[in-house]
Amino acid sequence: MAGPGWVPPRLDGFILTERLGSGTYATVYKAYAKKDTREVVAIKCVAKKSLNKASVENLLTEIEILKGIRHPHIVQLKDFQWDSDNIYLIMEFCAGGDLSRFIHTRRILPEKVARVFMQHALQFLHERSISHLDLKPQNILLSSLEKPHLKLADFGFAQHMSPWDEKHVLRGSPLYMAPEMVCQRQYDARVDLWSVGVILYEALFGQPPFASRSFTELEEKIRSNRVIELPLRPPLSRDCRDLLQRLLERDPSRRISFQDFFAHPWVDLEHMPSGESLARATALVVQAVKKDQDGDAAAALSLYCQALDFFVPALHYEVDAQRKEAIKAKVGQYVSRAEELKVIVSSSNQALLRQGTSARDLLREMARDKPRLLAALEVASAATAKEEEAGGEQDALGLYQHGLGELLVLLAAEPPGRRRELLHTEVQNLMARAEYLKEQVKMRESRWAAETLDKEGLSESVRSSCTLQ
Ligand code: ADP
Ligand code: MG
């Protein structure tokens with residue numbers, strides 16, 4: 001975009017080279033230090049005139065504070081300088097470009113990659129409960145190729161830069177701004193949750209929810225009070241859809257809270273790739289092996305599955321190729337043992353299933369005058385039938401949960417007696433079935449995640465995107 005006569009600004013101690021990008025307030029250049037280190041940095045030039053006058057002072061104070069912050073997911077501010085026109089922020093250089101480019105060179109991201117990105121980007125919000133106010137893919141950078149991590153840029157500046165200037169002109173991209181920011185001009189930290197929703201939507205569907213051909217169309221979409229509809233394709237998990245819908249709630253008072261957001265099953269912070277993932281996985285394997293030695297196949301299987309849920313993020317976290325291979329080899333062994341255990345567990349499970357079915361027949365005999373109970377038992381039988389079909393686990397689970405809901409209500413109203421006892425046993429059986437299936441489904445997903453990691457892993461996707469550029 002830089003015209004032919006373009007000259008980078010001069011700055012003491014640095015040689016500015018190519019232009020890396022520009023945003024709402026600034027232009028960013030790649031540069032290197034003249035000193036012996038020749039360190040590569042990114043220098044962001046912010047024109048003083050783009051700031052609220054009172055803000056310059058505040059901003060300089062804030063920068064002084066930011067300079068001290070070191071966080072793996074925030075672009076590090078190394079130093080700053082200023083002259084009569086500009087403030088220069090000397091930052092760590094992020095060789096992977098920004099998330100916007102990353103998404104668009106790949107068209108869309110798989111859910112699992114989007115989740116890892118989300119977990120990276122939100123870690124700082126979670127830890128420090130501070131707001132960004134200008135979250136968008138252009139402000140999320142990818143670090144180096146060797147250590148591909150997401151980093152938030154533009155951190156701490158938005159507070160000083162109202163999206164509205166003195167002439168009441170909106171600055172920045174309304175595509176990512178919460179509707180209340182554009183319409184009411186009054187907003188708080190909850191705008192970040194809206195923006196997170198938009199970024200996630202764009203990562204998964206390839207364009208933001210308010211993508212428009214004209215400004216009039218965009219304005220209409222922002223001001224409307226229609227519920228944001230999610231495209232049907234690509235198919236997403238139920239948790240993912242639920243989260244998107246709750247983030248993209250126009251009314252901030254009805255939008256998901258920060259607390260619920262961080263506790264949401266899709267965000268799953270507990271399984272976020274971190275330096276601890278491997279240790280947690282290993283600790284679970286130790287327990288699994290012990291249960292296995294004790295002959296408790298079901299408990300061992302469950303522990304192996306839980307361990308896999310930490311091995312996958314551990315693999316995401318590991319950057320050293322050799323160590324990654326070593327972890328993968330171990331995971332392969334555990335998966336094989338889990339498969340063997342599954343066979344053992346499933347044969348004793350078959351026996352239980354048959355016992356459960358005959359108990360249910362007895363109960364059915366005693367429920368002739370109770371249409372609601374009969375119907376609930378029908379659901380349970382349908383679930384059992386589904387369970388025996390190949391690949392019917394997920395459907396069976398849904399049916400068991402549905403049947404259980406009904407039976408629990410009926411059990412509460414059932415007077416003491418033989419039928420109550422049978423009903424109680426039935427509820428317990430169904431709960432055990434549901435638990436078992438949940439574990440099966442989880443295990444399949446973990447295994448799938450471990451197997452597809454090669455194709456979809458974060459570092460791999462970063463690499464492939466970088467060779468595309
Ligand atoms: P603005 O405040 O004007 O939005 P940003 O800090 O978001 O400016 O930077 C604008 C663009 O410059 C980013 O979208 C990104 O493409 C590029 N950029 C910014 N900082 C860096 C950096 N540290 N390393 C590499 N590229 C960067
Ligand atoms: Mg920016």
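What's counted below: heavy atoms across the whole structure, side chains too, no hydrogens, waters or symmetry copies. The structure presented is a predicted model; accordingly, all values stated were derived computationally and were not measured. Just follow the structure's listing: the first ligand is 1, and inside any ligand the first atom is 1.
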Any idea which part of Gln138 is under 4.0 Å from ligand 1, heavy-atom wise: side chain, backbone, both or neither?
both
So, 4.0 Å and heavy atoms of Glu92: is ligand 1 close enough to count as a contact?
yes
For Glu220 and Ser224, does a side-chain donor sit closer than 3.5 Å to a side-chain acceptor?
no
Determine, considering heavy atoms only, which of [options] sits nearest to [atom].
atom: atom 19 (C) of ligand 1; options: Val28, Val40, Leu77; value: Val28
atom: atom 22 (C) of ligand 1; options: Leu141, Asp98, Leu89; value: Leu141
atom: atom 8 (O) of ligand 1; options: Lys136, Lys44, Arg101; value: Lys44

Going by the atom numbers of ligand 1, which of them fall below 4.0 Å from some non-hydrogen atom of Met91?
20 (N), 23 (N)
Would one find an N or O of Cys94, backbone or side chain, under 3.5 Å from an N or O of ligand 1?
yes
For Ala42 and ligand 1, does the shortest N/O to N/O distance drop below 3.5 Å?
no
What do you reckon, is NE2 of His271 surrounded by more than 12 foreign heavy atoms closer than 6.0 Å?
yes
I'd like to know if the side chain of His73 reaches the main chain of Leu150, judged simply by a donor and an acceptor atom lying under 3.5 Å from each other, with no hydrogens or angles considered.
yes
For Gln207, the side-chain contact (heavy atoms from CB on, under 4.5 Å) test, sequence neighbours excluded, returns Ala211
Step through it carefully: locate the ring centre of Phe311, locate the ring centre of Tyr334, and say whether they are under 6.0 Å apart.
yes
Check ion pair Asp192-Arg190 (N to O, under 4.0 angstrom)
no
